[in-house]
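Reading through the structure tokens given below for one structure.
Keep in mind it's a predicted model, so treat the numbers as computed, not measured. Nothing fancy with the numbering, it's 1 onward along the sequence. In listed order, ligands and their atoms are each counted from 1.
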Amino acid sequence: MCPDDLKIWLNHFEYHAGHPRRIPDGLEDVLRPEERPLIARSIAAFQLGEQSEGVTLLHAAQRFSQRHQLPALVRIVELFVREEQQHAMLLRAFMDDHGIPLKRRDWTDQVFRRLRRLAGFELYLCVLITAELIGNVYYRALAAATGCQRLKVLCRTLVADELAHVAFESQLLLALRTVRPGWARALTRSMHRGFFAVTASVVWLTHRSLLRHCGYDARSFLRLCLAQYAFYLAPVESAIAPSSVS
Ligand SMILES: [Fe+2]
Ligand SMILES: [Fe+2]
């Protein structure tokens, strides 16, 4: 990734910081009676996951940007953290209006936070993109299954931001990996994919009531998550076939 790429990402995050996401007023905002107990604990866990001061990430980004002389990276990460806090706020507003209690602790969230503190920027990115790719599958499933217009728009809004986040993180991760020898790239990739598959399975287990309601069993949820992983992080193996039209 070159400084010009970072400039594009900086523009993107600056623009979003100046135009924070809002959910339009006046949307139909009713949860069906059977929906509320299904989503309450699940959405609270995701709200907690979105909420972070980003201190560890910022420190890691500062060290990384000094080492690689990428000063724009620190500002991008600051703005990224702010965008995640905005997600937490939007989810919290929805939960407050529906009397859904916030979570202060969640064991999966604790595991993610501990892992992110373990090492440097690259490992942090691996853990982060894992959570975000799986989160995207989750928010999409929830948007499709709920009858509540506000929740649908909220989920789609979060997905729209997360798509940019995973694009940024995957570009950075692939750039870091590309300078390594082939065997090291393959090893890193298979370790990350293994971690990703385990995490997606744990997410299915801990959110299975809601995900079943959304039409996913363990296998279909894992398949969809792994397809997201492959889309962003697997090596490109096929080319677009040349057009037969002359
Ligand atoms: Fe987010
Ligand atoms: Fe994100």
Between Arg212 and Asp217, is there a side-chain N and carboxylate O pair less than 4.0 Å apart? no

Evaluate whether atom CD of Glu34 has more than 12 neighbouring non-hydrogen atoms of other residues, nucleotides or ligands under 6.0 angstrom away. yes

Taking both backbone and side chain into account, is any N, O or S atom of [X] nearer than 2.8 Å to the Fe ion (ligand 2)?
X	value
Glu83	no
Glu162	yes
His87	no
Asp161	no

I'd like the atom name of the N/O/S atom in Glu84 lying closest to the Fe ion (ligand 1).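 For Glu84, the N/O/S atom sitting closest to the Fe ion (ligand 1) is OE1.
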
Name of the Glu50 atom (N/O/S only) found closest to the Fe ion (ligand 1):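 So the atom name we want here is OE1.
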
Please determine which of Glu84, Gln85, Glu83 meets the side chain to side chain donor-acceptor pair (under 3.5 Å) test together with His87. Glu84

What is the name of the N/O/S atom in His165 that sits closest to the Fe ion (ligand 2)?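 Atom name returned: ND1.
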
Which N, O or S atom name in Glu132 marks its closest approach to the Fe ion (ligand 2)? OE2

Quick check: Phe168 with Phe80 (ring centres under 6.0 Å apart)? no

Heavy-atom pair with the smallest gap, counting every atom of Phe46 and Gly135: CE2-CA, 3.8 Å

Nearest 0.5 Å please: distance from the CG atom of Leu123 over to the CG atom of Leu173. 10.0 Å

